[in-house]
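The structure appears below as structure tokens.
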Amino acid sequence: MLRIKDLTVFAGDRKILQNVNLSIDRGKRTILMGPNGSGKSTVCKSVMGDSDYTLERGSITLDEEDVTLLTPDEKAKKGMFMVFQEPEDIDGLNVTRFLRATYSKLKGNVEDFSKRLEAAREEVRLNKDQLSKSLNVTASGGEKKKLEILQMLLFEPKYALIDEFDSGLDVDSVKKISGIINKSECGFLIVTHNPAVFKYLNVDEVDVIRDGKIIATGGLDLADKIEKQGFTWKD
């Protein structure tokens with residue numbers, strides 16, 4: 001289990017998150033929803049160890065091991081992974097060389113790298129020429145997201161934090177990526193503000209964040225209420 005307890009986070013002198021509690025189980029899909037600016041992306045980035053955020057209090061444990069103060073690369077080696085809403089473009093960094101180096105660091109060898117890379121590429125339906133380009137340079141929004149999911153398949157994390165996986169994807173790609181997520185044994189925290197993804201995802205829990213606080217937890221009935229009434233619903 002990836003457990004986030006009492007997470008209180010600042011960006012500069014501004015408090016972004018206050019006492020956020022979430023639990024993500026292996027093989028389960030937890031959805032985090034909320035209006036724009038509510039702190040959804042900050043949850044993912046601060047849990048992963050983004051240095052732009054300062055942890056005032058709280059803890060992050062991965063399978064009962066405290067990983068709160070680990071750096072992002074240390075957390076990755078422990079089995080955590082993040083899919084970014086807007087992945088960085090890095091000119092001059094060849095995609096395949098980048099993936100091979102990262103795979104070696106995480107797995108300790110590259111014996112089956114090429115075979116697994118090709119299998120992941122076919123699974124996400126990414127054009128092969130993207131693997132010979134600079135990372136995300138000239139890639140469309142959909143291609144960037146497919147490359148992020150490709151990395152998840154290749155690196156096989158225990159837990160994945162996914163910030164709006166549907167952004168930039170056409171409906172067929174959303175269905176395909178949802179299918180990949182549904183059959184994975186990974187534990188997922190998936191950020192979205194688009195209730196349409198619930199048509200394709202097998203959802204185990206829905207949490208709603210507003211003004212940096214978790215205000216509701218439920219199932220698909222909660223997502224349905226949000227779709228009909230917005231984030232300012234009344235019971």
Side-chain angles (χ1 to χ4, degrees), residues 24 26-36 40-41 44 81-90 94-96 98-99 102-103 113-208 219-228 230-231:
I24 298 94
R26 293 289 302 277
K28 303 292 185 180
R29 290 150 296 277
T30 297
I31 305 296
L32 183 61
M33 304 185 73
N36 292 335
K40 302 185 299 298
S41 295
C44 293
F81 182 81
M82 181 170 172
V83 171
F84 292 91
Q85 182 179 0
E86 298 181 2
E88 292 286 339
D89 301 357
I90 306 179
N94 177 268
V95 171
T96 297
F98 160 67
L99 295 176
T102 306
Y103 189 88
F113 169 77
S114 296
K115 181 179 179 180
R116 288 183 49 78
L117 175 61
E118 179 59 17
R121 185 195 66 78
E122 291 182 354
E123 182 74 5
V124 302
R125 299 174 182 169
L126 180 70
N127 290 333
K128 196 167 187 175
D129 62 354
Q130 288 297 320
L131 299 180
S132 61
K133 295 182 178 181
S134 293
L135 184 64
N136 293 322
V137 176
T138 74
S140 68
E143 288 169 333
K144 291 179 180 181
K145 279 299 166 70
K146 288 180 179 180
L147 184 54
E148 293 280 287
I149 299 299
L150 179 151
Q151 292 175 59
M152 183 187 76
L153 288 172
L154 185 63
F155 302 147
E156 298 180 306
K158 297 177 181 178
Y159 301 95
L161 314 171
I162 301 185
D163 196 352
E164 296 193 22
F165 79 92
D166 56 306
S167 176
L169 294 177
D170 59 39
V171 65
D172 289 333
S173 295
V174 170
K175 291 179 181 178
K176 179 62 178 175
I177 301 304
S178 295
I180 291 171
I181 292 171
N182 287 339
K183 68 182 182 181
S184 174
E185 295 180 358
C186 184
F188 291 95
L189 177 64
I190 303 171
V191 168
T192 187
H193 56 71
N194 181 13
V197 301
F198 294 111
K199 297 176 184 177
Y200 314 115
L201 282 175
N202 297 333
V203 176
D204 296 285
E205 180 177 303
V206 176
D207 292 276
V208 179
L220 287 177
D221 56 333
L222 178 55
D224 184 60
K225 183 183 293 185
I226 291 168
E227 185 172 19
K228 292 177 179 177
F231 290 104

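Residue indices begin at 1 and follow the sequence shown. In what follows, every heavy atom counts, from backbone to side chain, and hydrogens, waters and symmetry copies are set aside.
Looking at residues two or more places apart in sequence or on another chain, you find no side-chain hydrogen bond (donor to acceptor under 3.5 Å, both in side chains) involving Glu122. Every residue was checked against the salt bridge (Lys or Arg N to Asp or Glu O under 4.0 Å) condition with Lys128, not counting sequence neighbours, and none meets it. Here Thr102 pairs with Phe98, Leu106, Phe155 under the side chain to side chain contact (heavy atoms under 4.5 Å, CB included) rule; sequence neighbours left out. Looking at residues two or more places apart in sequence or on another chain, you find a side chain to side chain contact (heavy atoms under 4.5 Å, CB included) between Asp170 and Asp172, Ser173. Every residue meeting the ring-ring contact (aromatic ring centres under 6.0 Å, His included) condition with Tyr103, not counting sequence neighbours, appears here in chain and number order: Phe113. In terms of the side-chain hydrogen bond (donor to acceptor under 3.5 Å, both in side chains) criterion, residue partners of Asp224 (sequence neighbours excluded) are, by chain and number, Lys228. Taking Asp166 as the reference, Asn194 meet the side-chain hydrogen bond (donor to acceptor under 3.5 Å, both in side chains) condition, with sequence neighbours excluded.
Phe165 CZ to Lys146 NZ: the interatomic distance, rounded to the nearest 0.5 Å, is 13.0 Å. Atom CD of Gln151 and atom CG of Leu135 lie 7.0 Å apart (nearest 0.5 Å). How far CD of Gln130 is from OG1 of Thr96: 10.5 Å, rounded to the nearest 0.5 Å. Atoms CD1 and CG, on Ile31 and Leu220 in that order, are 9.0 Å from each other to the nearest 0.5 Å. With values rounded to the nearest 0.5 angstrom, Ser134 atom OG is found 9.5 Å from Ile90 atom CD1.
Note on residues 148-165: pairs passing salt bridge (charged side-chain N to carboxylate O under 4.0 Å, His left out), not counting sequence neighbours, are Asp63-Lys158, Lys107-Glu156, Arg116-Glu156. Applying the salt bridge (charged side-chain N to carboxylate O under 4.0 Å, His left out) test to residues at least two apart or on different chains, the pairs with a partner in residues 131-144 are Asp89-Lys144.
For Met33 against Ile226, the heavy-atom pair with the smallest separation is SD-CD1, 4.1 Å. When all heavy atoms of Cys186 and Ala160 are compared, the closest pair comes out as SG-N, 3.4 Å.
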N/O donor to acceptor pairs below 3.5 angstrom from side-chain atoms of residues 198-207, sequence neighbours left out:
from	atom 1	to	atom 2	distance (Å)
Asp204	OD2	Arg29	N	2.8
Asp204	OD2	Arg29	NH2	3.4
Asp207	OD1	Thr217	OG1	2.7

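Around NZ of Lys176, the count of heavy atoms belonging to other residues, nucleotides or ligands within 6.0 Å exceeds 12.
Of the possible polar contacts, one joining the Ser178 side chain to the Val174 backbone as a donor-acceptor pair under 3.5 Å is found. Between the side chain of Lys40 and the main chain of Pro35, a donor-acceptor pair closer than 3.5 Å is present.
Partner of Leu32 under the side-chain contact (heavy atoms from CB on, under 4.5 Å) criterion, out of Thr192, Leu189, Ile162: Leu189 alone. Between Val83 and the choices Ile177, Leu161, Ile149, Ile190, the side-chain contact (heavy atoms from CB on, under 4.5 Å) rule is met once, by Ile149.
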